[in-house]
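Contents: one structure, followed by commentary.
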Amino acid sequence: MADPVARADLMAYLRDWSDRPQDIPEAEPTARKTEHDLDPAILAIQGDPAYGEYLSSECTTCHQRDGSDQGIPSITQWPAEDFVVAMHAYKRKLRPHPVMQMMAGRLNNEEIAALAAYFAGLRN
Amino acid sequence: MTFGRRTFLGTAMAGVLSAPMLRAQGKPRVVVIGGGAGGGTVARYLAKDSQGALDVTLIEPNRIYTTCFFSNLYLGGFRDFASLQHGYDKLAAGGVTVVHDLAAGVDRTARTVALAGGQVLAYDRLVIAPGIDFVEGSVPGWTLDAAEKMPHAYKAGPQTQLLFDQIRAMPQGGVFAMIAPPNPYRCPPGPYERISMVAHVLKTTNPTAKILVADPKANYSKQALFEDGWQTHYPGMVEWLGPDMGGNVVEVRPDTMEVVIDGEATRVDCCNVIPAQKAGVIAAAAGLTADSGWAPVDPATMRSKMDGNVWILGDASAQGDMPKSGFSANSQAKVAAMTIRGELTGSRVFPAKYSNTCWSLIAPDDGVKVGASYEPTPEKIASVESFVSQKGEDAALRKATYEESLGWYAGITADIFG
Ligand SMILES: Cc1cc2nc3c(=O)[nH]c(=O)nc-3n(C[C@H](O)[C@H](O)[C@H](O)COP(=O)(O)OP(=O)(O)OC[C@H]3O[C@@H](n4cnc5c(N)ncnc54)[C@H](O)[C@@H]3O)c2cc1C
């Protein structure tokens with residue numbers, strides 16, 4: 001696809017609706033703005049990165065801190081909004097993966113915001 | 001070997017009154033016994049997150065750690081041995097003083113750890129994560145000396161390589177026997193993943209061979225998935241004898257390579273004995289274990305119930321519902337690191353969250369998993385939510401599950417060892 005914006009939008013769309021989002025290639029490290037019906041109040045929460053750092057230690061058993069994505073997708077340096085949308089999609093079981101549904105299922109809105117803030121800022 | 005300054009100071013100060021003085025002057029000291037999934041993680045996180053405010057020393061006899069996780073995949077020919085091995089260089093580079101020695105004793109009053117090499121290290125907080133040891137006499141006829149003939153391969157290393165060779169040296173049509181352990185033991189699906197991997201090897205190289213499992217348990221982890229997988233991939237090869245078939249009344253004769261099940265002796269060609277287990281002996285030597293052989297901990301922190309200055313992690317701990325796994329040990333270590341750091345440096349402490357997932361490979365690209373999340377209650381670490389793979393999942397999902405496990409191995413080993 002020639003138009004990079006259209007391609008990125010398509011990728012973002014696929015990523016949102018695929019049950020194997022890690023198989024969808026991205027030129028950019030992140031998905032772009034996605035369509036969703038998440039409450040704007042949830043998206044407006046400012047995450048606490050210190051809490052996010054502690055919570056993130058649960059994620060890094062599987063997701064590598066350096067952003068490697070062998071077998072399990074990278075979650076570093078995403079725009080916070082996309083991260084929040086993806087986590088709520090697991091929490092609401094719109095995305096099917098059992099591990100991630102369980103992980104996201106027990107995180108509250110503040111905790112998801114904290115994780116988004118922390119991972120967005122994580123540099124190698 | 002990295003000999004920290006502390007090592008020598010510790011020796012000089014051994015057991016004398018000057019040790020507490022040194023503590024008051026210097027940075028708070030944390031000593032970690034055991035550089036496995038629990039100990040490696042806690043040492044790394046303490047050093048990383050305290051940014052130099054803590055003096056962290058890790059005591060581990062081996063220079064190279066061989067993971068038990070994925071050692072079954074090595075037995076099955078899916079990984080090479082070197083891929084299971086990890087060094088401590090990055091932990092040392094991250095600020096952990098790594099001492100390659102064995103902790104021989106703990107003086108909890110003086111707050112010191114004596115090493116086999118003679119040094120004595122003082123601590124403000126001690127973490128004990130020694131993994132497991134075997135209960136002597138739990139399989140009549142078997143002793144640690146017999147492990148050269150009948151390997152346990154349940155602490156990864158030369159034992160795993162010995163079992164690898166023995167499987168491949170079996171005569172055509174020979175018998176592989178496993179004596180499975182009673183609960184609780186490390187890695188609940190481990191013995192059955194191993195059976196799957198042995199069956200995979202035999203199917204291709206020795207298709208008339210048989211596998212005999214004597215099991216003291218009436219049921220086991222992911223049983224329906226394993227039985228279904230064995231039926232599909234290795235029909236007729238695996239005979240499993242539970243307690244109703246005498247699987248709990250077993251004796252072995254290493255000299256004649258016999259297994260006696262419920263009074264009936266069978267000659268076998270390879271015999272994997274996985275004995276009953278208890279906390280690594282240093283935990284008992286430190287007086288921190290209960291009658292069960294495991295070390296009870298406070299569910300919210302992983303702190304020993306017997307000593308407020310000591311934390312116990314991983315397989316050695318008695319904590320409640322979490323299985324004894326590398327994933328669990330890694331998860332517990334993060335709660336421990338957070339609470340220890342909070343206590344010693346005043347950093348923020350958040351509510352504990354724990355989780356676990358155990359993947360098993362049944363045949364090529366046929367992976368399954370079981371997992372749960374956990375929270376502390378006053379009594380124990382309790383399971384809150386869980387999931388398990390289902391029978392009849394399509395091949396693509398099973399393959400994805402296997403690939404995910406490869407990602408997990410890369411992730412957790414980077415998380416433990418840097
Ligand atoms: C065949 C098999 C397959 C497995 N598969 C999986 C899997 O897929 N996923 C999973 O999560 N888990 C798996 N496990 C379980 C996992 O290996 C253990 O639960 C995990 O290693 C426990 O971590 P730990 O820190 O408690 O102990 P360990 O990792 O065993 O580490 C203990 C360390 O302490 C050291 N030590 C002992 N005593 C002393 C002392 N006195 N002084 C100094 N050092 C000492 C030892 O040398 C060792 O390095 C498997 C286990 C087996 C046997």
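It should be emphasised that the depicted structure is a prediction, and the values quoted were computed from it without experimental measurement. Below, chain A is the first sequence line, B the second, and so on; all start at residue 1.
Ranked by heavy-atom pairs under 4.5 Å with chain A, the first of B/A333, B/S386, B/A372, B/S347 is B/A372. For the options A/M103, A/Q70, A/M102, heavy-atom pairs under 4.5 Å to chain B are most numerous at A/M102. For chain B, the option among A/G105, A/C62, A/S57 with the highest count of heavy-atom pairs below 4.5 Å is A/S57. Chain B forms the most heavy-atom pairs under 4.5 Å with one residue out of A/Q101, A/H63, A/E111, and that residue is A/E111. Each of B/Y45, B/F350, B/F387 has some count of heavy-atom pairs under 4.5 Å with chain A, and the biggest count is that of B/F350. By number of non-hydrogen pairs under 4.5 angstrom with chain A, the leading residue of B/G411, B/S389, B/S405, B/S331 is B/G411.
By the 6.0 Å and 45° rule, B/K399 does not stack over the aromatic ring of B/Y402. Relative to the ring axis of B/Y74, B/R79 does not place its NZ or CZ within 45° and under 6.0 Å from the centre. A cation-pi contact, defined as under 6.0 Å to the ring centre and within 45° of the axis, is absent between A/R65 and A/F119.
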Legend entry - Pair B/H86-B/F417, ring pair (Phe, Tyr, Trp, His ring centres under 6.0 Å): steps then yes or no: CA-CA 7 Å; B/H86 306 271; B/F417 297 104; 5.3 Å; yes
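For residues 43-52 of chain A, heavy-atom neighbours of chain B at less than 4.5 Å comprise A/D48, A/A50, A/Y51, sorted by residue number. Residues of residues 334-342 of chain B lying under 4.5 angstrom from chain A, judged on non-hydrogen atoms, are B/K334, B/V335, B/M338 in numerical order.
When atom types are taken as modelled, the side chain of B/W359 and the backbone of B/E404 share no donor-acceptor pair closer than 3.5 angstrom. When atom types are taken as modelled, the side chain of B/N330 and the backbone of B/A37 share no donor-acceptor pair closer than 3.5 angstrom.
Side-chain atoms of B/S325 and B/S328 form a donor-acceptor pair, as typed in the model, at a separation below 3.5 Å. No hydrogens or angles considered: a donor-acceptor pair under 3.5 Å links the side chains of A/E58 and B/S355. With 3.5 Å as the limit, one finds a donor-acceptor pair spanning the side chains of B/S360 and B/K222. In the model, B/E385 has no side-chain atom that pairs as donor or acceptor with a side-chain atom of B/S373 under 3.5 Å.
In this structure, B/K48 places its NZ atom where more than 12 heavy-atom neighbours from other residues, nucleotides or ligands lie under 6.0 Å away. Within 6.0 Å of NZ on A/K93 lie more than 12 heavy atoms contributed by other residues, nucleotides or ligands.
Only the side chain of A/Q64 comes within less than 4.5 Å of a heavy atom in chain B; its backbone stays farther off. B/A410 touches chain A through backbone and side chain together, each having a heavy atom under 4.5 Å away.
Using bins of under 30°, 30° to 60° and over 60° for the plane-to-plane angle, the ring pair B/F327/B/W408 lands in the parallel bin.
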